[in-house]
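Sequence positions, counted from 1, serve as the residue numbers for this chain. Bear in mind that the values here come from a model prediction, so they are computed numbers and not experimental data.
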Amino acid sequence: MNRSRHVARGPRSFLSRRGRWRAAALCLAGAVVGALTQAPATGAEGAEPAPVACPSALAEKATCYTGRDTNGAYYAIAIPEDWNKSLVVHAHGGPDLGDGSDPERSIGDLERWQVMVDQGYAWAGSSYRRGGYGTRMAAADTENLRRLFTEEFGRPQRTYVHGQSWGGNVAAKVVETYGGASGPYDGALLTNGVLGGGSRGYDYRVDLRVVYQYYCANLPRPSEPQYPLWQGLRPASTLTTTGMRARLQECTGYASPPEERTALQQRNLDDILAVTRIPERTLESHLRFSVFTFRDIVHKRLGDRNPFTNEGVRYSGSHDDEALNAGVERFTADPTAVRDLSYDSDLTGKVKIPVLTLHAIDDPTAFIEHEAAYRDTLTGAHRDAHLVQTFTHEHEHSALSDSEYANSIASLDRWVRTGDKPTPRSIAASCATFDRTYATGCFYDPAYRPSSYASRVRPRPGGTTWPAMTAAQEKSWSRVEGVGIAP
């Protein structure tokens, strides 16, 4: 079921529309107060894009616009002076947890991904119509922005969708929902993507939530109202992220040098990390997701139904596995909640256009095994011929080398234009050309292949076959009234 409400305006002339906005941008250049990094005026939803000052690095290279679409999603657009007539539509990560669309988000994303504009591509990014979880909603808002761009500035010769982190899941959903063989998208670039989908992609955070509580017993404390841990946090709780960090520190001393931790703190920390296989440097961010984002998913999106399970999971690696497995909280998912989360975020592998992925091998947030899940998803759907995966010896999640981003979009574009499918080795070899411009390094490992998702994340019963949602299941579920997560 497609719940999106698309932008629907009549077609406009590319030359007259773009020329009009370029003239407006020139006339208003001296009157624009502040830079693009400041929030745009809210204005009326569905108003035409307003010219604004570009980020300083693009000031002499592009014309920039902001606006708000008919669903209330803020967006930012940049068109380079020397435009190559191709468009990159960006899907951001998160999800952010605010109630409404964040006017700053797409602006910050433009600054962060300005390498695409620097390479000659027009760029458009949506903040999505609201915060909170909703992969299909975010995919619809991404597609709405592509349509808006086309109506205002003309149809690009080629259009690519790019997503990083959870945005990789969103962009992959865009590919499957809107990216048919004759559709508007020519290719996709997925970087450090959460590609295991929602029904399995957060299992290691489910494990963290229960293992943490077993050792720490302070989320909730015994003196506080109790709630099942699959909720993440009880709906009425006033706990803040600062308060959560304080409790994590109290239990593990994670923010202190090892020599300042108590013996119990060190043992708690060692056990939690060993059992969950989560890196110490991202323990806090993973726990934050398993508390606050789980609350959003369960309470706001699924009507307090439980989509998570840890039945049948055997935890190991602690100083006393027998006691851990006997004492850890167990729960079983509501099948309708699993269905709705799966329908919203799982991937079928129904891919008909070129997809290139780029992923740091030591990504501490979206583990590299997400790429194995995506590979197996496309293989299970007999669509892996459309996929090329590349891996780098980097250690970050939120940003990779600009040289690699520029090389990746160029490699995808060349694949689309020529029909010649690249290899990880050929992509690695072409990076040096871009590194002469950006000097941020090329760290490819063309021979690397990630192990299975189950090698990193303890599978639930029946959770080792991919796709997690078949195309037949998606079609069947789409006929269920109210299926999925509402926009």
Side-chain angles (χ1 to χ4, degrees), residues 1-5 71-73 94-102 128-141 166 169-170 173 177 194 196-210 213 219-220 224-241 244 287-311 329-348 460-463 468-469 473-487:
M1 178 180 296
N2 186 355
R3 300 167 178 269
S4 63
R5 179 160 59 96
N71 289 319
D96 303 330
L97 295 182
D99 288 333
S101 182
D102 179 4
Y128 311 146
R129 71 190 74 179
R130 62 157 172 80
Y133 202 84
T135 308
R136 285 183 184 267
M137 172 206 70
D141 288 342
W166 179 59
N169 190 184
V170 174
K173 185 64 75 174
T177 307
V194 180
S199 74
R200 298 178 187 174
Y202 305 127
D203 281 346
Y204 50 94
R205 288 165 171 162
V206 173
D207 295 338
L208 172 62
R209 189 68 183 89
V210 298
Q213 184 65 8
L219 268 177
E224 295 174 327
Q226 302 298 294
Y227 53 87
L229 297 180
W230 51 262
Q231 290 186 355
L233 190 65
R234 65 186 179 91
S237 174
T238 58
L239 182 73
T240 63
T241 55
M244 189 214 73
L287 184 62
R288 187 172 66 243
F289 193 104
S290 75
V291 172
F292 298 103
T293 307
F294 276 15
R295 176 171 66 173
D296 176 83
I297 292 172
V298 169
H299 177 59
K300 290 188 175 182
R301 313 304 161 200
L302 295 176
D304 295 315
R305 292 171 295 144
N306 173 25
F308 305 122
T309 184
N310 65 341
E311 289 293 342
E329 183 175 323
R330 303 280 181 176
F331 38 79
T332 302
D334 178 330
T336 66
V338 176
R339 177 203 64 197
D340 287 353
L341 182 58
S342 180
Y343 181 77
D344 180 75
S345 59
D346 283 345
L347 301 170
T348 66
R460 278 53 180 165
M469 173 180 66
Q473 282 178 314
E474 181 183 44
K475 184 176 181 180
S476 175
W477 288 343
S478 71
R479 301 189 183 102
V480 177
E481 182 67 28
V483 72
I485 290 175

* Are any side-chain N or O atoms of R205 and backbone N or O atoms of F289, one a donor and one an acceptor, separated by less than 3.5 Å? -> no

* Can you tell if the side chain of P307 reaches within under 4.5 Å of the side chain of L302, non-hydrogen atoms only? -> yes

* Cation over ring face, R301 and Y133, 6.0 Å, 45° -> no

* Asked: Going by heavy atoms in the side chains, are S345 and N169 under 4.5 Å from each other?
  -> yes

* Structure fact -> Checking Y204, F294, Y202 against F308 for ring pair (Phe, Tyr, Trp, His ring centres under 6.0 Å), the one that qualifies is F294

* Asked: Within a strict 4.5 Å, meaning less than it, do heavy atoms of the R339 and V480 side chains meet?
  -> yes

* Donor-acceptor under 3.5 Å (D344 side chain, R136 main chain) -> yes

* **Carboxylate-amine/guanidinium contact D141 R130, below 4.0 Å** => no

* Asked: With a 4.5 Å heavy-atom cut-off, do F292 and L233 have their side chains touching?
  -> yes

* Asked: So, does E481 use its side chain to make a donor-acceptor pair with the main chain of R479 at under 3.5 Å?
  -> no

* Can you check whether S199's main-chain N or O pairs, donor with acceptor, with D346's side chain at less than 3.5 Å? -> yes

* Answer yes or no: is there a side-chain heavy-atom contact under 4.5 Å between E329 and N310? => no

* Below 4.5 Å, heavy atoms only, C-beta onward: do W477 and S342 meet side chain to side chain? -> yes

* **Any donor-acceptor pair under 3.5 Å from R209 side chain to W230 backbone** => no

* Determine whether Q213 and P220 make a side-chain contact, defined as any pair of heavy atoms from C-beta on separated by less than 4.5 Å. => yes

* Could I get the full list of salt bridge (charged side-chain N to carboxylate O under 4.0 Å, His left out) partners for D96, not counting sequence neighbours? => R105

* Using atom types as modelled and distance alone, determine if a side-chain donor or acceptor of R295 lies under 3.5 Å from a backbone N or O of S237. => yes

* Asked: L219 versus L239: any side-chain heavy-atom pair under 4.5 Å?
  -> yes

